[in-house]
Asks: 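Sharing a structure here in structure tokens format.
Atoms considered below: every heavy atom in the structure, side chains included; atoms not considered: hydrogens, waters and symmetry mates. For clarity, every value in this text was computed on a predicted model and none was experimentally measured. Positions are given from 1 along the sequence.
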Amino acid sequence: MSMSSKRRGLTGCGLAAAGMGVFALLSPIGGASASPPAGSAPANLAPLITPTHRPPTGYTVTLRFRDPTATRVQIKGEWSFERPSELPQLASTTSYTVQTPGLLPSQWQPGDVPIAYPNSTAANWPVIDMTKNGQGVWTYTTPLPSGVFTYGFFVDCTSPTQSGCTEISDPTNPPWNQSDGTVQGSVEPTSQVYVPSSAAFNTIDFSWQGPARAHGTLADVTYSSPGHVTPAGQNHLAVYTPPGYDPQRAKPYPTLYLNHGGGGNEIDWSTQGDVRNILDNLIADGQIQPLVVVMPNANGYPGSTNNAAFRTDLISNVVPYVEAHYHVSNSPADRAFSGLSAGGLITNQLMLYNPDAFQYYAMMSAGFPPANNTLTDAQATALEGKSIFVGAGWQDPIFAVGFGSAHTGPQHEVGILTAADLPVTPDFVNGGHEWYTWRILLKDFLTRVAFWPYPAR
């Protein structure tokens, strides 16, 4: 609100299996007898990841967009950074929000992490003018450390804040649910690129975010949702099934329901969240068991208190649909729910009002509503035996103060659960209100809490 090579040049092709840029030999630009249309996707304009063996990160990334008629093309990307070791205060508090320095990629040092500038719950990432060549190709090159980075383009945008302008994904590296101009489900206006780690420059090993050896499958499906407003009477789910998914195996799969944040949709986790690559790698490495992941769309419901319309649809329609169409367990003991930001608030509302629907809960970057500064005896009793995970970025503005009247923040939630004598796994990392943080929290939840035995008392 992320493989190393000795080749001089590498280009990232939009692979359906990986869902983001990976590596192939670079083809030279130009030489075509006929000019392709603006915004088209010639293969040689795919993201180019080049091992430079030079500071600051050992790699550069080149991103390109073809539009000969455009007078200006800008790129927005997740590449401003902070240096936690030099912050005057590591965590935001009720009276202080960590101010980020907005370090540029060229200033990156080991230990630096991506974070918005100015620090906010909004996606305040740099928007930079690209350079046009004589063939109508706009280019931007930057060093980047390891991991997944989201980016998008603005064409002929005249607003200094991009107000009223439409961000578009990379035609050479489109979201997995888009093919030949056709979109299944919700539109995702961004693309992602993965940069390998470099031991020589001490970038973090984020290989668990890169393309895996075996790939799970993503699908966007439509189910009947009576009362849903937009689209009327139906809604979308993005569903991940693991590599080698077997609808006949003796043991049904566990299920993780994974919710997006405010302004997002069912596609967010499988694009910006890199969920397929993360799960593929964790499964391949034996860190987690194969599972099915269901990503709902929490938009388009009639107004309701405590997201009751969404929660009712989830329990009455989504879960039965999934259990009828996929080989998953129908026991709540084999279900987990997690969400980020507004989805984290929904996670808490399920804990408070529908605790029996799931066994494992992971709240990311949100908190309990102000009305729940303490849990009632009944609420605490209903959560006994549940596995609860609370995570966020230390520098997130909502860490200690919450978000207006919506919630009181993740730090306070840990205190509320502890005061009710409920075991909780807190997980706070350097980072803000962004996907860099949430990818890490997802991995931690799956490898430490979800579908693992309940902690001993």
Asks: What distance do Ser169 atom OG and Gln178 atom CD have between them, rounded to the nearest 0.5 Å?
Replies: 4.5 Å

Asks: Assess whether a salt bridge exists between Arg335 and Glu323, defined as any Lys/Arg side-chain N lying under 4.0 Å from an Asp/Glu carboxylate O.
Replies: yes

Asks: In sequence, state the C-alpha distance, the side-chain angles, and the governing distance for Thr97 and Gln99, and then conclude on side chain to side chain donor-acceptor pair (under 3.5 Å).
Replies: CA-CA 6 Å; Thr97 297; Gln99 301 302 306; 5.2 Å; no

Asks: Below 4.0 angstrom, N of the basic side chain to O of the carboxylate: do Asp427 and Arg448 qualify?
Replies: yes

Asks: Classify the ring geometry of Tyr151 against Phe153: parallel below 30°, tilted from 30° to 60°, perpendicular beyond 60°.
Replies: perpendicular

Asks: What closest approach, in Å, do Leu45 and Arg66 show between heavy atoms, and which atom pair accounts for it?
Replies: CD1-CB, 3.7 Å

Asks: For Ser198 and Thr57, work out which heavy atoms get closest and say how close.
Replies: CB-O, 3.5 Å

Asks: Compare all side-chain heavy atoms of Trp176 with those of Ser270 and state whether any distance is below 4.5 angstrom.
Replies: yes

Asks: Regarding Thr52 and Thr50, do their side chains bring together a donor and an acceptor under 3.5 Å, going by distance alone?
Replies: no

Asks: Do any N or O atoms from the side chain of Asn430 and from the backbone of Pro84 form a donor-acceptor pair under 3.5 angstrom?
Replies: no

Asks: Would you indicate whether Phe428, at its atom CZ, is surrounded by more than 12 heavy atoms from other residues, nucleotides or ligands within a distance under 6.0 Å?
Replies: yes

Asks: Could you grab the distance from atom CG of Leu237 to atom CG of Asp220, nearest 0.5 Å is fine?
Replies: 7.5 Å

Asks: More than 12 heavy atoms of other residues, nucleotides or ligands under 6.0 Å from CD of Gln184: is that the case?
Replies: no

Asks: Are Tyr360 and Phe445, when compared by the centres of their aromatic rings, separated by less than 6.0 Å?
Replies: no

Asks: So, Asp156 and Thr71: side-chain donor and acceptor under 3.5 Å apart, yes or no?
Replies: yes

Asks: Measure the CD-CG distance between Glu434 and Leu340 for me, rounded to the nearest 0.5 Å.
Replies: 11.5 Å

Asks: Is it the case that the ring center of Phe81 lies less than 6.0 angstrom away from the ring center of Trp79?
Replies: no

Asks: Would Glu266 and Ser186 count as a side chain to side chain donor-acceptor pair (under 3.5 Å) here? Give the steps.
Replies: CA-CA 7 Å; Glu266 86 281 3; Ser186 299; 2.7 Å; yes

Asks: Do we see a donor-acceptor contact under 3.5 Å between the side chains of Ser92 and Trp394?
Replies: no

Asks: List the atom of Ala357, the atom of Pro332, and the distance in Å for their closest heavy-atom pair.
Replies: O-CB, 3.7 Å

Asks: Quick one: do Asp334 and Ser329 satisfy side chain to side chain donor-acceptor pair (under 3.5 Å)? Show the steps, please.
Replies: CA-CA 6 Å; Asp334 296 318; Ser329 171; 2.6 Å; yes

Asks: Taking atom CZ of Arg249 as the centre, report whether more than 12 heavy atoms of other residues, nucleotides or ligands fall under 6.0 Å from it.
Replies: yes

Asks: Might you work through the side-chain contact (heavy atoms from CB on, under 4.5 Å) test for Trp435 and Glu78, ending with a clear yes or no?
Replies: CA-CA 9 Å; Trp435 286 102; Glu78 290 180 326; 4.0 Å; yes

Asks: Just by distance, do the side chain of Ser80 and the backbone of Gly102 share a donor-acceptor pair under 3.5 Å?
Replies: no

Asks: Can you confirm whether the side chains of Ser146 and Ser197 place a donor and an acceptor under 3.5 Å from each other?
Replies: no

Asks: With no hydrogens and no angle check, is any side-chain donor or acceptor of His215 less than 3.5 Å from a backbone partner on Pro243?
Replies: no

Asks: Does Asp170 use its side chain to pair, donor to acceptor, with the backbone of Thr172 at less than 3.5 Å?
Replies: yes

Asks: Going through the distances and angles, do Gln192 and Thr150 end up as a side chain to side chain donor-acceptor pair (under 3.5 Å)?
Replies: CA-CA 4 Å; Gln192 287 70 44; Thr150 288; 3.1 Å; yes

Asks: Does any donor atom in the side chain of Thr182 or Asp180 lie under 3.5 Å from an acceptor atom in the other side chain?
Replies: no

Asks: Tell me the ring pair (Phe, Tyr, Trp, His ring centres under 6.0 Å) pairs involving residues 283-315, sequence neighbours left out?
Replies: His228-Tyr301, Tyr301-Phe310

Asks: Hey, would you say the Tyr361 and Phe337 ring centroids sit under 6.0 Å apart?
Replies: no

Asks: Walk me through whether Glu82 and Leu103 qualify under side-chain contact (heavy atoms from CB on, under 4.5 Å).
Replies: CA-CA 6 Å; Glu82 67 174 1; Leu103 297 173; 5.7 Å; no

Asks: Is the shortest side-chain heavy-atom distance between Gln349 and Arg311 below 4.5 Å?
Replies: yes

Asks: Tell me the closest heavy-atom pair linking Ser341 and Gly261, and the distance in Å.
Replies: CB-CA, 4.4 Å

Asks: Would you say OH of Tyr117 has more than 12 non-hydrogen atoms from neighbouring residues, nucleotides or ligands within 6.0 angstrom?
Replies: no

Asks: Give, for atom CG of Asn281 and atom CZ of Arg276, the distance between the pair rounded to the nearest 0.5 Å.
Replies: 12.0 Å

Asks: I'd like a table of donor-acceptor pairs (distance under 3.5 Å, sequence neighbours excluded) in which one partner is a side-chain atom from residues 283-297, with atom names and distances.
Replies:
unit_1: Asn297; atom_1: OD1; unit_2: Asn299; atom_2: N; d: 3.4
unit_1: Asn297; atom_1: OD1; unit_2: Asn299; atom_2: ND2; d: 2.9
unit_1: Asn297; atom_1: ND2; unit_2: Asn235; atom_2: OD1; d: 3.0

Asks: Drop me the distance from Ile267's CD1 to His236's NE2, to the nearest 0.5 angstrom.
Replies: 8.5 Å

Asks: Considering the options Leu279, Ile278, Asn277, which one meets the side chain to side chain contact (heavy atoms under 4.5 Å, CB included) requirement together with Val275?
Replies: Leu279

Asks: Going by the angle between their ring planes, with limits at 30° and 60°, are His433 and Trp438 parallel, tilted or perpendicular?
Replies: perpendicular

Asks: Keeping the roles fixed (side chain from Glu167, backbone from Pro189), state whether a donor-acceptor pair exists under 3.5 Å.
Replies: no

Asks: Answer whether the closest heavy-atom distance between the side chains of Val193 and Ile49 falls below 4.5 Å.
Replies: yes

Asks: Measure the shortest side-chain to side-chain distance between Leu314 and Phe358 over non-hydrogen atoms and say whether it is less than 4.5 angstrom.
Replies: yes

Asks: Report the distance from atom CG of Asp67 to atom CE of Met130, rounding to the nearest 0.5 Å.
Replies: 11.0 Å

Asks: Under 4.0 Å between a side-chain nitrogen and a carboxylate oxygen: does that hold for Asp112 and Arg83?
Replies: yes

Asks: When the ring centroid of Tyr253 is compared with that of Tyr326, is the distance short of 6.0 Å?
Replies: no

Asks: If you look at every heavy atom in Val449 and Ser387, which pair is closest and at what distance?
Replies: CG1-CB, 3.8 Å

Asks: Tell me whether Thr271 contacts the main-chain N or O of Asp268 through its side chain, where contact means a donor paired with an acceptor under 3.5 Å.
Replies: yes

